[in-house]
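First up is the structure itself, then whatever we jot down about it.
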There are 2 protein chains.
Amino acid sequence: MFIYLPCTLTEIHCVQQIRQTLKKETALKIGIKDIAKQANVSIGTVDRVLHNRGDVAKSTREQVLSIIEELGYTPNLLAKSLASKTKYTISVLIPDPESNAYWEKPLAGIKAAAAEIKKFNFELQIATFDYSNENSFIEKANQILGSNPSGFIFAPVFYESSLKVIEKCDQLELSYVFIDVFIENCENLAYFGQNSAQSGYLAARLMSLSISQVISHIYIVKPLNPSAPVYHLNLREKGFVSYFSEENSDQAILHSMDVDISSPAALDESLDAIFASSNKPLGLFVANSRVHLVASYFEKNKIKNVILIGYDLLQENIEYIEKGIIQFLICQKPEEQGYKSVFALFNHLFLKHTVEKLNFSPIDIIMKENIEYYKNFKI
Amino acid sequence: MFIYLPCTLTEIHCVQQIRQTLKKETALKIGIKDIAKQANVSIGTVDRVLHNRGDVAKSTREQVLSIIEELGYTPNLLAKSLASKTKYTISVLIPDPESNAYWEKPLAGIKAAAAEIKKFNFELQIATFDYSNENSFIEKANQILGSNPSGFIFAPVFYESSLKVIEKCDQLELSYVFIDVFIENCENLAYFGQNSAQSGYLAARLMSLSISQVISHIYIVKPLNPSAPVYHLNLREKGFVSYFSEENSDQAILHSMDVDISSPAALDESLDAIFASSNKPLGLFVANSRVHLVASYFEKNKIKNVILIGYDLLQENIEYIEKGIIQFLICQKPEEQGYKSVFALFNHLFLKHTVEKLNFSPIDIIMKENIEYYKNFKI
DNA sequence: TAAAATACCGTTAACGTTAACGGAAAATAT
DNA sequence: ATATTTTCCGTTAACGTTAACGGTATTTTA
């Protein structure tokens, strides 16, 4: 997907030149042999200057370099991988999908990317940690750092521990990519994730569109596990709130509500309280993928005509969208985030391309009418 | 993107077996040599059975085949492409992007895919035709069919002519892929495009959400070039209409309107007529990418509070979304359609994988709040 | 000034596959 | 019986690159 072998105009022109000068009909693509011949050296020397392996006189080095430039040489990656003995290992450290279903998606993307670059001598090493256990993160990270990988993809959900990991990476000159969570002022190769505040803002816009009454009570629900880190939740809430303070401030009265989902009954109680109050909600914004828990409550209690907006294409959420209980899901291509994280390292380590540092996923709006085409992950 | 080289458990197991039996430490991956050794034949024979090149006794053939099966041999695609002398040519025939800006997008995807598979000896041959000139389509198609390509991607926008092209393809046993437009009951390898009716249905849902008054006049605008084929337009209209007949039939009064955009003044006149009438519109659904023409009218005439929904991420449309004049754009990943069309042929011709025949793109909903992340095409 | 070290460069065997070439054995024809 | 096919298979030179190995000159050291 990201492997470009551009054939520039210059290149084409030079191929034609070479064809004429060398009088060889087979010289369709410039190879290491062509530049060796042109420079009056052997392919060994060319390879030495290409890889800075030393043992070549400054003058010949420059000569070869200029011919490489002139002919617009690009290496044949197939031959390169075939002949090369260097192996690349990409280590991955993300929350365990068993305990947090969301992470199945980035993982799927990571694996898909890995399958593609396997033929270029790239190998994956996947480790997971417990989302509600900072020590497991530290432990696994240390294991990985000790194994001397070529590149490292991780979700820096624990701030302090992550800083230490980052410091170690910098020391080891190990390229690392942040996924999902972003930490500022780092030497990370890239970040792939979402713009949480903006997605909250968008959710608010959709909410605003969907509620018709002039003044409505809208609840922001934040389902969380007390021992797990909160990162996107607050940003999403912030974005949601900022919409209504900027755009339609007289339309909505906002209420924010934390719900501990480690105990099953807690959610029910909280929601009971809301629906029993005099401030009856016309809209609920659930700031993460646990929106299906709220939807389940809606179904059980036959609540209708309340707009429900949440996050992510989990199987449970898909079902509630199709039933019409959830109106909108915001989804930010988690598979793609994983996929692209791997390719960022591939581009950097193998192709020596520069990679974009900050990469936000599109904010997909999913509703009953278009969910069909988002259900199945296909890169 | 679609190149999978799965390493099954069986495969891993067998590698370990081979390691033990052959006592070779280097036997990490089963190659043609390994199966030659195991079958007591030469690599030439193995290659002959692998490619059905004949000249091999039935008994040895079966022997080799069973060992291939047993060891779970998968060819090394890099070495294959390096050594192979067979070149693949994929011909493409689509409307000229110069006359129809939409087609820049599929073309971009096609080129991106081509760049990726260039290293596997795949070459692209791109031809375009005039959207309002059926003969140009026929002419170019015949040229392509005469050039004996390995695969053919085209937009069958002219029905009758396309049928003839398809017949010719079937005769030549040439694999062909439909892009954008679908013709039923064909032997096409695949189709990549959009579900037009569903996108219209979705647009109607968005319209319904956005208009607040109980009874509203809504206009369906179909900007078209009289000499050019109409395909998606009517389906989108159909979907749009069907929503309001199914879901909120008492909310909207629908009006349909064809506009000839070959003369610049025609649109103005038609819109003037609408806005001067007693049935003032509260929503306009423009069924193709020319929605920017309507938006321009809105801007010029300072029309506010009328919901405008259209199609596709053309630069002009992007600007009107950002200005808040267009509320929604429906977009169906045209780049991806082009990209995937090429890869369908790659999968079929090179990898010998089976490919899905019917492929609809997701229906992306784009509004001011999320357009930022859809602007730039990145596969 | 001879010996040792260094700087520089060419040669070559891989990597896994393709496909042309040729040759031995078996089958058929004369 | 020999001559001629036919069947079947092994050998080998590519494909473009990597990287180890070894070999000249040239410079440095003793």
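First the proteins, then the strands, lettered A, B, ... as listed; each starts at 1. Predicted model, so just to flag it, every value in this text is computed and none were measured. Reckoned from all heavy atoms, side chains included, excluding hydrogens, waters and symmetry mates.
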Shortest non-hydrogen pair, B:L124 vs B:A114, comes out as CG-CB, 3.4 Å
All heavy atoms of B:A190 vs all of B:F192, minimum pair found to be CB-CE1, 3.7 Å
Pair A:L82, B:L82 - check side chain to side chain contact (heavy atoms under 4.5 Å, CB included), show working.
CA-CA 9 Å; A:L82 237 202; B:L82 236 203; 3.7 Å; yes
Protein heavy-atom contacts under 4.0 Å, written 5' to 3' over nucleotides 17-25 of chain D as B (base), S (sugar-phosphate only) or - (none), form the string BBB------
**Message:** Measuring to OP1 and OP2 of C:dC15, would you say a side-chain N or O of A:S81 lies under 4.0 angstrom away?
**Reply:** no
- OP1, OP2 of D:dC9 versus side-chain N and O of B:T60: anything below 4.0 Å? yes
Check: Which of parallel (below 30°), tilted (30 to 60°) and perpendicular (above 60°) describes B:F350 and B:F122?
Finding: perpendicular
**Asked** Do the ring planes of B:Y176 and B:F178 sit parallel (below 30°), tilted (30 to 60°) or perpendicular (above 60°)?
**Response** tilted
Item checked: Heavy-atom side-chain proximity of B:S81 to B:K119 below 4.5 angstrom -> no
Starting at atom [atom1] of [X], determine the distance to atom [atom2] of [N], rounded to an integer number of angstrom.
X      : N      : atom1 : atom2 : value
A:N121 : C:dC15 : CG    : C1'   : 10 Å
A:K29  : D:dG16 : NZ    : P     : 9 Å
B:I35  : D:dC9  : CD1   : P     : 14 Å

